[in-house]
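In what follows, a single structure is set out as structure tokens and then discussed.
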Amino acid sequence: SAMEGDNPEGFKKAMESVSVVADTVNRLVDLASIWESEDLLAHDRLEIWPLLNECWLRQEAQAISKKLTVRLINRVVDVDLPVVYSSHYWLARVINESLWAAIKAVPNGGTLDIELRQMGPRILIVFKNSGMGPARASDATLLADPNAEQPAQGKAETVKAPPPPNAKDLIGFHLCQRILSLHGGQLREDEEDG
């Protein structure tokens, strides 16, 4: 019905819905193709810092639209920049999915720090203050305000659970987990200093 008549707002919403469906299907196809195969992981020699910057340029407009301050921080000495043997396509896919999820998770006007670190032979890309992993109600932690009024004895306090992650986010998260596991790596959420 958005195509009929002169309804630009309806057409825009319809196109956004089509884009979400197309992105979800694209993630499903990639997840299915990589799930049972290690042959897709070519052995390109990749430098991680330039790859991270290349992927950032693809996501920069989204961060600008949310008025985010994003800082790319290289904590590795230039002479020791890490190299990985992998597929450019699949490793860039992990970084792009992670950047997209991190940018989406940071509130408008917020700050996102993205750090490249090295711990021995392991390479870490750390997204600080993003909460980018899919929310799980069972993992949610409530921090009580000590000044808040405590519920009366015997009364149950109801807490609204976080909304479940959408299919596109979950598929992207599992796709990244699978790609990294094929490289002997992992995608995880950590909490530091509360």
Side-chain angles (χ1 to χ4, degrees), residues 20 23-24 26-28 30-32 34-35 38 41 46 48-49 51-60 62-76 82 84 86-87 89-146 158-194:
V20 168
D23 285 348
T24 303
N26 187 28
R27 283 174 170 83
L28 278 172
D30 279 351
L31 185 60
I34 201 168
W35 197 258
E38 294 180 26
L41 301 177
L46 305 172
I48 299 301
W49 183 246
L51 182 61
L52 180 59
N53 281 277
E54 173 190 321
C55 293
W56 162 247
L57 290 175
R58 291 187 198 141
Q59 305 292 334
E60 186 177 20
Q62 183 184 1
I64 290 171
S65 72
K66 291 186 70 176
K67 297 179 174 63
L68 302 184
T69 299
V70 179
R71 297 180 290 209
L72 293 173
I73 304 162
N74 183 359
R75 300 238 186 251
V76 181
V84 172
S86 176
S87 160
Y89 174 81
W90 290 112
L91 206 51
R93 182 65 187 255
V94 169
I95 295 172
N96 279 316
E97 287 282 341
S98 300
L99 281 168
W100 180 84
I103 290 168
K104 182 179 172 192
V106 176
N108 289 352
T111 300
L112 172 62
D113 287 339
I114 304 166
E115 294 182 3
L116 176 67
R117 300 180 189 170
Q118 189 167 7
M119 295 179 70
R122 299 190 73 85
I123 297 165
L124 299 164
I125 299 176
V126 179
F127 297 85
K128 286 189 164 186
N129 301 321
S130 69
M132 59 178 281
R136 291 181 203 93
S138 60
D139 294 342
T141 304
L142 262 184
L143 300 177
D145 178 358
T158 58
V159 177
K160 188 176 181 180
N166 67 38
K168 187 167 97 171
D169 293 343
L170 278 176
I171 294 165
F173 184 76
H174 290 300
L175 178 62
C176 291
Q177 280 185 317
R178 179 61 180 159
I179 294 168
L180 290 175
S181 72
L182 290 172
H183 290 86
Q186 59 181 279
L187 178 66
R188 69 172 191 254
E189 245 184 312
D190 288 333
E191 185 175 314
E192 294 177 359
D193 303 325

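Both backbone and side-chain heavy atoms feed into the values below; hydrogens, waters and symmetry mates do not.
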Within-4.5 Å side-chain heavy-atom neighbours: Lys67 and Asn108 | no
If you round to the nearest 0.5 Å, how far is CG of Leu52 from CG of Leu46?
-> 12.5 Å
Val106 backbone acceptor or donor facing Lys66 side chain under 3.5 Å = yes
Nearest atoms (heavy-atom pairs only) where Ala102 meets Leu112 | CB-CD2, 3.9 Å
Nearest atoms (heavy-atom pairs only) where Leu68 meets Gly109 = CD2-N, 3.9 Å
Distance from Leu124 atom CG to Arg75 atom CZ, nearest 0.5 Å?
-> 12.5 Å
Would you mind reporting whether Val126 and Ile73 have side-chain heavy atoms less than 4.5 Å apart?
-> no
Answer whether the closest heavy-atom distance between the side chains of Ile48 and Leu91 falls below 4.5 Å.
-> yes
Taking C-beta and beyond as the side chain, do Leu72 and Trp56 meet within less than 4.5 Å on heavy atoms?
-> yes
Distance, nearest 0.5 Å, that separates CG of Leu51 from CD1 of Ile125 = 7.5 Å
Is the count of non-hydrogen atoms from other residues, nucleotides or ligands lying under 6.0 Å from Arg58 atom CZ greater than 12?
-> yes
Calculate, to the nearest 0.5 Å, the distance between atoms CD1 and SG belonging to Ile95 and Cys176 respectively.
-> 9.5 Å
Output the distance between atom CG (Asn53) and atom CG (Asn74), rounded to the nearest 0.5 Å.
-> 8.5 Å
Taken in chain and number order and not counting sequence neighbours, the residues that satisfy salt bridge (charged side-chain N to carboxylate O under 4.0 Å, His left out) with Lys104 are Asp169
Can you check whether Trp90 reaches Leu175 side chain to side chain, under 4.5 Å on heavy atoms?
-> yes
Spatial distance of atom CG (Leu187) from atom CD (Glu97) [nearest 0.5 Å] = 10.5 Å
4.5 Å side-chain heavy-atom contact, Asp113 and Arg71 | yes
